[in-house]
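Start at 1 and go down the list; that is how both ligands and their atoms are numbered. Quick caveat: nothing in here was measured; it's all calculated off a predicted structure. Side chains are part of it too, since the values below use all heavy atoms of this structure and drop only hydrogens, waters and symmetry mates.
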Amino acid sequence: MSVHATKRRLAPSDIKALKGQRPIVSLTAYTTPVAKLMDPHVDFILVGDSLGMVLYGLDSTVGVTLEMMIAHGQAVMRGSTNACVVVDLPFGSYQESKELAFRSAARVLKETGCSAVKLEGGAEMAETVDFLTRRGIPVLGHVGLMPQLINTTGGYRSLGRSDKEAEKIRSDAKAIDDAGAFAIVIEGTVEPVARDITGTVRAPTIGIGASPACDGQVLVVDDVLGVFTDFKPRFVKRFANLAPLMSEAFAAYAEEVKARSFPAEEHTFQVKKSS
Ligand code: KIV
């Protein structure tokens, strides 16, 4: 037996245990090199279906497929050893029945090696969350603003201002908590509602546009890095501004290729003269 204890990745149960201890840190990632850079700094990496917009230029997350999620889930797993990795179940891969949800989630876990899946939905998804968690699939819930419902809700505005909306988000979160989710993302929700939920559910709440009252925070990595500049929601803070740096680099490269100053001697293979 080896005397060296190998450090294991954080598990969904470790994320749950952080509630009340310290804020939980999460970001999305979709590729190996980005996952590698963020891995030492985050508790869990979310392979979000936001990749549809961020990487593929789609208008919404509705067009994202299970195959896309699996390919990017594998890439993120290859780039990480510390963080718990959670992969989003995309639209159409789980809503129809709890059995379909199990098949999709089992594929994601088997083919990527990740530890958990995320699915959007409140009370209507509680039976599915219960079905999955009892069968060995940890689930990260997602309530409040649910981008996969864009075609029925019609927009991305923040929610919870009216009593009716606030009550719906509260009861959705309670249903997913009772069903056994190890954590719950609350998206685009006003502070008092996020605070209420955080104080009442057992699972840690992970906010995105849902105030500092949540037990942790998640953001889309390209927003944090200032790469995705189509628009900036109010809740996003850019911790870097990479877009202008990237543009400058592309322009400099183009100039040097045109001027034949790149590749230079040091980038060029020569045949060594034999003696
Ligand atoms: O797809 C996504 O990126 C998400 C957010 C919670 C960040 O679901």
Side-chain angles (χ1 to χ4, degrees), residues 12 15 23-31 34-35 38 42-66 68-73 75-76 83-95 104-105 108 112 114 116-122 125 129 138-150 153 156 158-159 169 172-173 176 181-189 194 197-198 203-211 214-225 227-228 230-239:
I15 305 299
I24 297 167
V25 183
S26 179
L27 284 171
T28 70
Y30 320 107
T31 64
V34 171
M38 76 172 59
V42 299
D43 298 309
F44 75 91
I45 300 179
L46 175 63
V47 186
D49 61 354
S50 49
L51 63 77
M53 285 122 112
V54 174
L55 298 186
Y56 290 88
L58 299 174
D59 283 342
S60 76
T61 56
V62 173
V64 174
T65 65
L66 197 55
M68 286 155 89
M69 295 312 303
I70 289 172
H72 290 280
V76 167
C84 178
V85 174
V86 182
V87 175
D88 254 344
L89 289 182
F91 180 71
S93 72
Y94 65 94
Q95 290 90 344
S104 300
V108 169
T112 68
C114 77
V117 296
K118 174 164 81 60
L119 55 82
E120 294 181 13
M125 278 299 143
V129 173
V139 178
L140 173 60
H142 183 150
V143 302
L145 175 65
M146 294 185 255
Q148 291 183 10
L149 300 187
I150 183 73
T153 54
Y156 292 113
S158 58
L159 301 171
I169 303 169
D172 278 347
I176 294 303
F182 72 88
I184 304 171
V185 168
I186 305 178
E187 179 164 356
T189 297
I197 294 171
T198 302
T205 58
I206 312 295
I208 174 162
S211 87
C214 294
D215 294 304
Q217 299 293 325
V218 62
L219 280 176
V220 168
V221 66
D222 289 51
D223 287 337
V224 167
L225 297 178
V227 176
F228 189 73
D230 287 4
F231 83 113
K232 185 175 104 45
R234 182 187 145 97
F235 60 82
V236 165
K237 177 173 174 182
R238 285 190 185 137
F239 287 80

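- Between L55 atom CG and M68 atom CE the span is 8.0 Å, to the nearest 0.5 Å.
- Nearest heavy atom pair, residue S50 against residue Y30, reads OG-OH, 2.8 Å.
- Of all heavy-atom pairs spanning A183 and L140, the tightest one is O-CD1, 3.3 Å.
- Looking at heavy atoms from C-beta onward, F44 lies in side-chain contact with I24 at the 4.5 angstrom threshold.
- Of all the atoms in ligand 1, the ones that sit under 4.0 Å from a non-hydrogen atom of G48 are 1 (O), 2 (C), 3 (O).
- Geometrically, ligand 1 and D88 share a nitrogen or oxygen pair separated by less than 3.5 Å.
- No side-chain heavy atom of V64 sits less than 4.5 Å from a side-chain heavy atom of F91.
- Looking at D49 next to ligand 1, an N or O pair under 3.5 Å apart turns up.
- Of all heavy-atom pairs spanning V236 and K232, the tightest one is O-NZ, 2.9 Å.
- For K118, the heavy-atom gap to ligand 1 drops under 4.0 angstrom.
- With a heavy-atom cut-off of 4.0 Å, L51 does not touch ligand 1 at all.
- Nearest residue to atom 3 (O) of ligand 1 from G207, A210, S50, G188 is S50 (criterion: closest heavy atom).
- L46 CD2, 3.7 Å is the protein heavy atom nearest to atom 4 (C) of ligand 1.
- Nearest non-hydrogen protein atom to atom 7 (C) of ligand 1 is I208 CD1, 3.6 Å.
- Residue C214 comes nearest to A194 through the heavy atom pair SG-CB, 4.0 Å, listed as atom of the first residue, atom of the second, then distance.
- Near T28, the atoms of ligand 1 lying under 4.0 angstrom from a non-hydrogen atom of the residue are 3 (O), 7 (C).
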